[in-house]
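Below, all heavy atoms of this structure are taken into account, side chains as well, without hydrogens, waters or symmetry copies. Proteins get letters first, then strands, A, B, ... in listed order; numbering begins at 1 in each.
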Number of protein chains: 2
Amino acid sequence: MDRVNEILRNIGKKCTEQRKLILQTLFELAKPVSADEVYEYLSETNKVGRTTVYRTLELFERKKLVRRIIFKDGIIRYESTHLKHHHHLICLSCGEVIPLEHCAIASLDGSVIEDADFLVTEHFLELYGYCKKCRGGK
Amino acid sequence: MDRVNEILRNIGKKCTEQRKLILQTLFELAKPVSADEVYEYLSETNKVGRTTVYRTLELFERKKLVRRIIFKDGIIRYESTHLKHHHHLICLSCGEVIPLEHCAIASLDGSVIEDADFLVTEHFLELYGYCKKCRGGK
DNA sequence: TATCTAAATGAAATTTAGTTTCATTTAAAA
DNA sequence: TTTTAAATGAAACTAAATTTCATTTAGATA
């Protein structure tokens with residue numbers, strides 16, 4: 001929790017109970033989660049309102065504490081940036097999300113696509129398919 | 001329009017006026033468009049209801065006439081599969097969407113990620129950054 | 001060609017994700 | 001401690017997408 005306090009102090013915003021809880025949750029879950037999942041996760045103790053969760057995740061995105069991740073379903077999810085840049089394997093059968101450490105196209109960012117004269121600053125890559133379990137050994 | 005008729009006959013579903021109009025629209029626009037954009041595009045003649053547009057795009061996706069494309073905003077868009085597999089450059093400033101012909105990671109599909117024992121069947125890659133115009137020559 | 005029927009349509013109601021409003025509360029500066 | 005701008009959260013709202021169900025229609029069958 002000390003770490004959470006320090007991070008929040010560094011972004012130049014008020015260090016509220018709600019923000020600490022939300023950031024802590026993102027650390028604990030350590031995978032892409034939607035605002036509603038964060039809200040549900042915290043709702044037992046019921047200390048944080050839905051609106052605050054949405055607003056706080058947006059703030060965290062602006063401050064680069066989280067990155068936005070979008071899967072095929074179009075729901076906006078966020079993942080803590082203390083996990084370094086990576087992509088995901090998403091099972092089309094059971095929905096499991098597996099982080100993929102190595103990024104084969106990291107070199108794209110900062111480069112210019114010649115034909116289009118386009119400067120790439122970020123990229124989204126998600127891989128879909130079937131996990132070991134769902135393939136039943138095949 | 002002959003082409004549209006033939007395609008619809010081949011998927012084993014009724015060849016309705018609405019389906020023909022929607023497929024024709026996807027051919028004409030030839031870029032990722034949302035259900036609402038298709039609806040608006042057709043609304044002058046007002047021949048197709050909103051529900052039908054949503055349902056038809058889902059049908060087309062199941063029949064592989066269109067593929068689903070998701071950008072950062074989370075809105076579900078579709079693009080005709082008569083355009084072969086490719087990705088997009090999306091300008092963070094003006095929103096322009098530029099198709100990117102070459103796919104550097106096409107070889108991923110059908111391959112197994114060893115560490116995770118995961119069979120990849122499809123992938124989503126979108127590149128964000130700044131187009132020539134918005135960079136003002138830089 | 002007329003009849004029939006399962007499939008398709010679309011208006012309206014509903015659901016879900018996300019945003020805005022505004023009165024109240026609070027972190028932290030003075 | 002007082003003060004105040006920032007933050008919160010309930011409720012209202014918006015937008016995207018889905019469901020319901022009465023009506024229409026494509027195209028198979030007689």
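Straight-line distance from the CD1 atom of Ile70(B) to the C1' atom of dA16(D): 12 Å, rounded to whole Å. Nucleotide dA8(C) holds its P atom 15 Å from the CG atom of Leu23(B), rounded to whole Å. Protein atom CG of Leu21(A) is 14 Å distant from nucleotide atom P of dT26(C), rounded to whole Å. Between Ile11(B) atom CD1 and dA7(C) atom P there is a gap of 14 Å when expressed in whole angstrom units. Rounded to an integer number of Å, the gap from CD of Glu58(A) to P of dT20(C) is 8 Å. Atoms CG (Leu42(A)) and C1' (dT8(D)) sit 15 Å apart, rounded to a whole Å. The OH-C1' distance, from Tyr39(B) to dA17(D), rounds to 14 Å in whole Å. If you take CG of Asp36(B) and P of dT18(D), they are 12 Å apart, rounded to a whole angstrom.
Within 4.0 Å of Thr16(A), counting heavy atoms only, lie sugar-phosphate atoms of the nucleic acid but no base atom. Looking at heavy-atom distances under 4.0 Å, Glu37(A) makes no contact with the nucleic acid at all. No engagement by Arg50(B) is indicated, since no non-hydrogen atom pair under 4.0 Å with the nucleic acid exists.
For Gln18(A), whose side chain is taken as the heavy atoms from C-beta onward, the closest listed nucleotide among dA17(C), dG9(D), dG10(C) is dG9(D). Nearest to the side-chain atoms of Thr51(A) among the listed nucleotides dA16(D), dA10(D), dG10(C) stands dA10(D). Nearest to the side-chain atoms of Arg55(A) among the listed nucleotides dT21(C), dG18(C), dA17(D) stands dT21(C). Considering only side-chain atoms of Tyr54(A), the nucleotide from dT19(C), dG9(D), dT9(C) that sits closest is dT19(C). With dG18(C), dA17(D), dT9(C) as the choices, the nucleotide that has an atom nearest any side-chain atom of Thr52(B) turns out to be dT9(C). Among dT19(C), dA28(C), dG9(D), the nucleotide with an atom closest to any side-chain atom of Cys15(A) is dA28(C). The side chain of Lys14(B) sits closest to dA7(C) out of dA17(D), dG9(D), dA7(C).
Residues Pro32(A) and Arg77(A) share a closest heavy-atom pair of O-CD, 3.7 Å.
In this pair, His87(A) and His123(A) present their aromatic rings tilted. The plane angle is within the 30 to 60° band.
For the pair Arg3(B) and Phe27(B), the distance from NZ or CZ to the six-membered ring centre is under 6.0 Å and the angle to the ring normal is within 45 degrees. Taking the ring centre of Phe118(A) as origin, the terminal cationic atom of Lys132(B) falls outside the region bounded by 6.0 Å and 45° from the ring axis.
Using a 3.5 Å distance cut-off with no hydrogens or angles, the side chains of Glu101(A) and His86(A) do not pair a donor with an acceptor.
Judged by closest nucleotide on DNA chain D, Arg19(A) is the one of Lys13(B) and Arg19(A) placed further toward the 5' end.
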